[in-house]
Amino acid sequence: MNDRDILRNMTDKPYRKNVGMVVFNSLGKVIVGERIQFPGSWQFPQGGIDEEEDYLDAAKRELYEELGIKKATYVTEYPDWIPYEFPNSLGLNSHLQKFRGQLQRWILFYWDGTLEECDLVHHEQEFLTIQFMDIEETIQSVVEFKRSVYEKFVPLFKSAIQNYIAEKSKSK
């Protein structure tokens with residue numbers, strides 16, 4: 001198979017619908033995880049949307065599956081679906097090989113728990129470890145093929161985080 005055939009094969013494939021979750025605390029820090037497949041890279045939790053599943057329901061389910069967080073507060077979401085393509089070099093599992101990439105919806109949640117309250121292993125472990133980070137730092141910390149996705153939603157979420165914290169402190 002030559003390069004043109006491989007490229008045509010990739011573009012004939014559909015995108016997998018996916019949801020990403022950004023969780024921040026009262027200090028404005030966000031939770032990122034070091035993916036098992038990409039040691040040294042830090043990213044937000046994300047996961048597939050099941051058939052007939054609402055993307056907000058998927059976000060809550062994935063947040064629980066990946067971090068063990070049950071009671072996060074919905075704040076806002078990025079208004080559009082954002083696509084990205086899987087690089088050819090990515091060793092995809094058989095489940096993902098039928099897709100050219102992912103079409104993501106990004107959701108912002110507030111949760112003021114501690115990292116120790118998170119449970120990374122109760123479902124299928126995706127992250128080696130997690131940490132809090134400034135949201136702007138995530139653009140450089142994520143694997144390169146997802147960077148353009150983060151560049152789209154991070155500025156909107158940064159301002160939403162600042163507004164949420166300001167409103168919360170006014171109401172005290």
Side-chain angles (χ1 to χ4, degrees), residues 13-87 90-135 137-139 141-143 145-147 149-150 152-154 156-157 160-161 164:
K13 295 178 180 182
Y15 284 100
R16 174 181 182 240
K17 282 204 169 177
N18 186 281
V19 65
M21 295 75 63
V22 177
V23 179
F24 71 98
N25 65 12
S26 60
L27 300 174
K29 303 286 188 180
V30 295
I31 297 177
V32 289
E34 184 180 20
R35 289 292 291 234
I36 290 171
Q37 310 93 308
F38 305 109
S41 295
W42 296 84
Q43 71 168 57
F44 295 115
Q46 63 178 57
I49 301 171
D50 295 336
E51 278 294 319
E52 306 299 318
E53 185 178 32
D54 176 78
Y55 67 87
L56 279 176
D57 291 336
K60 291 172 188 167
R61 176 181 52 76
E62 287 288 342
L63 201 52
Y64 177 66
E65 287 178 3
E66 293 193 13
L67 298 179
I69 295 175
K70 289 182 185 172
K71 299 211 181 291
T73 303
Y74 170 89
V75 175
T76 193
E77 61 193 70
Y78 189 77
D80 300 310
W81 292 88
I82 307 172
Y84 75 87
E85 304 213 353
F86 296 133
L90 197 60
L92 295 173
N93 65 36
S94 58
H95 169 67
L96 293 177
Q97 286 175 3
K98 58 186 174 225
F99 300 104
R100 73 189 281 183
Q102 302 203 90
L103 187 60
Q104 295 187 307
R105 195 65 185 241
W106 283 91
I107 314 297
L108 181 64
F109 290 99
Y110 172 77
W111 179 73
D112 211 20
T114 65
L115 295 179
E116 292 74 31
E117 293 174 70
C118 292
D119 183 351
L120 306 182
V121 297
H122 77 99
H123 187 66
E124 183 179 314
Q125 187 172 0
E126 308 250 352
F127 296 119
L128 293 168
T129 187
I130 55 174
Q131 68 177 356
F132 282 109
M133 183 182 281
D134 289 328
I135 193 166
E137 292 177 41
T138 63
I139 294 171
S141 75
V142 73
V143 291
F145 67 90
K146 294 181 182 178
R147 203 161 281 159
V149 173
Y150 280 44
K152 286 184 172 69
F153 71 79
V154 162
L156 177 73
F157 282 10
I161 289 169
Y164 188 89

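With values rounded to the nearest 0.5 angstrom, Asp134 atom CG is found 9.5 Å from Ile161 atom CD1. Between the CD1 atom in Ile107 and the CG atom in Leu56 there is a gap of 5.0 Å [rounded to 0.5 Å]. Gln43 contributes atom CD, which lies 12.0 Å from atom CZ of Arg147 (distance to the nearest 0.5 angstrom). Interatomic distance, Lys70 NZ to Asp119 CG, rounded to the nearest 0.5 Å: 9.5 Å. Rounded to the nearest 0.5 Å, atoms NZ (Lys71) and CD1 (Ile69) are 12.5 Å apart. Taking CZ from Arg16 and CZ from Phe99, the interatomic distance works out to 6.5 Å, rounded to the nearest 0.5 Å.
Not one N or O on the side chain of His123 forms a donor-acceptor pair closer than 3.5 Å with the backbone of Glu62. No donor-acceptor pair closer than 3.5 Å links the side chain of Lys60 to the backbone N or O of Ala72. A distance-only check finds a donor-acceptor pair linking the side chain of Gln125 to the backbone of Phe127 [under 3.5 Å]. Ser26 contributes no side-chain N or O that, together with a main-chain N or O of Asp112, makes up a donor-acceptor pair within less than 3.5 Å. Checking side-chain atoms of Arg35 against main-chain N and O of Gly40 turns up no donor-acceptor pair under 3.5 Å.
Classified by interplanar angle (parallel below 30°, tilted 30° to 60°, perpendicular above 60°), the ring pair Phe153/Phe44 is tilted.
The shortest heavy-atom contact between Pro83 and Val149 is O-CG2, 4.0 Å. Of all non-hydrogen atoms in Gly33 and Ile130, the two that sit nearest each other are CA-CG2, 3.8 Å. Closest non-hydrogen pair, Leu120 versus Leu128, comes out as CD1-O, 4.3 Å. Taking both residues in full, the closest heavy atoms of Gly48 and Ala58 are given as O-CB, 4.4 Å, listed atom of the first, atom of the second, then distance. Taking every heavy atom of both residues into account, Glu85 and Phe145 meet most closely at O-CD1, 4.1 Å.
Under the side-chain hydrogen bond (donor to acceptor under 3.5 Å, both in side chains) test applied with Gln46, the options Arg105, Gln104, Glu126 reduce to a single match, Gln104.
Within the 4.5 Å cutoff, no side-chain heavy atoms of Tyr15 are placed close to those of Gln102. Here the side chains of Trp111 and Glu117 are in contact, with some heavy-atom distance below 4.5 Å. Residues Phe109 and Thr73 form no side-chain contact, since every pair of their non-hydrogen atoms from C-beta on lies 4.5 Å or further apart.
For Phe24 and Phe157, the ring centers sit 6.0 Å or farther from each other. Checked against the 6.0 Å centroid threshold, Trp106 and Tyr150 count as a close aromatic pair.
Note on Asp50 versus Arg61: salt bridge recorded, some NZ/NE/NH1/NH2 to OD/OE distance being below 4.0 Å.
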Legend entry - Worked verdict on Asn18 versus Ile49 for side-chain contact (heavy atoms from CB on, under 4.5 Å): CA-CA 5 Å; Asn18 186 281; Ile49 301 171; 5.6 Å; no

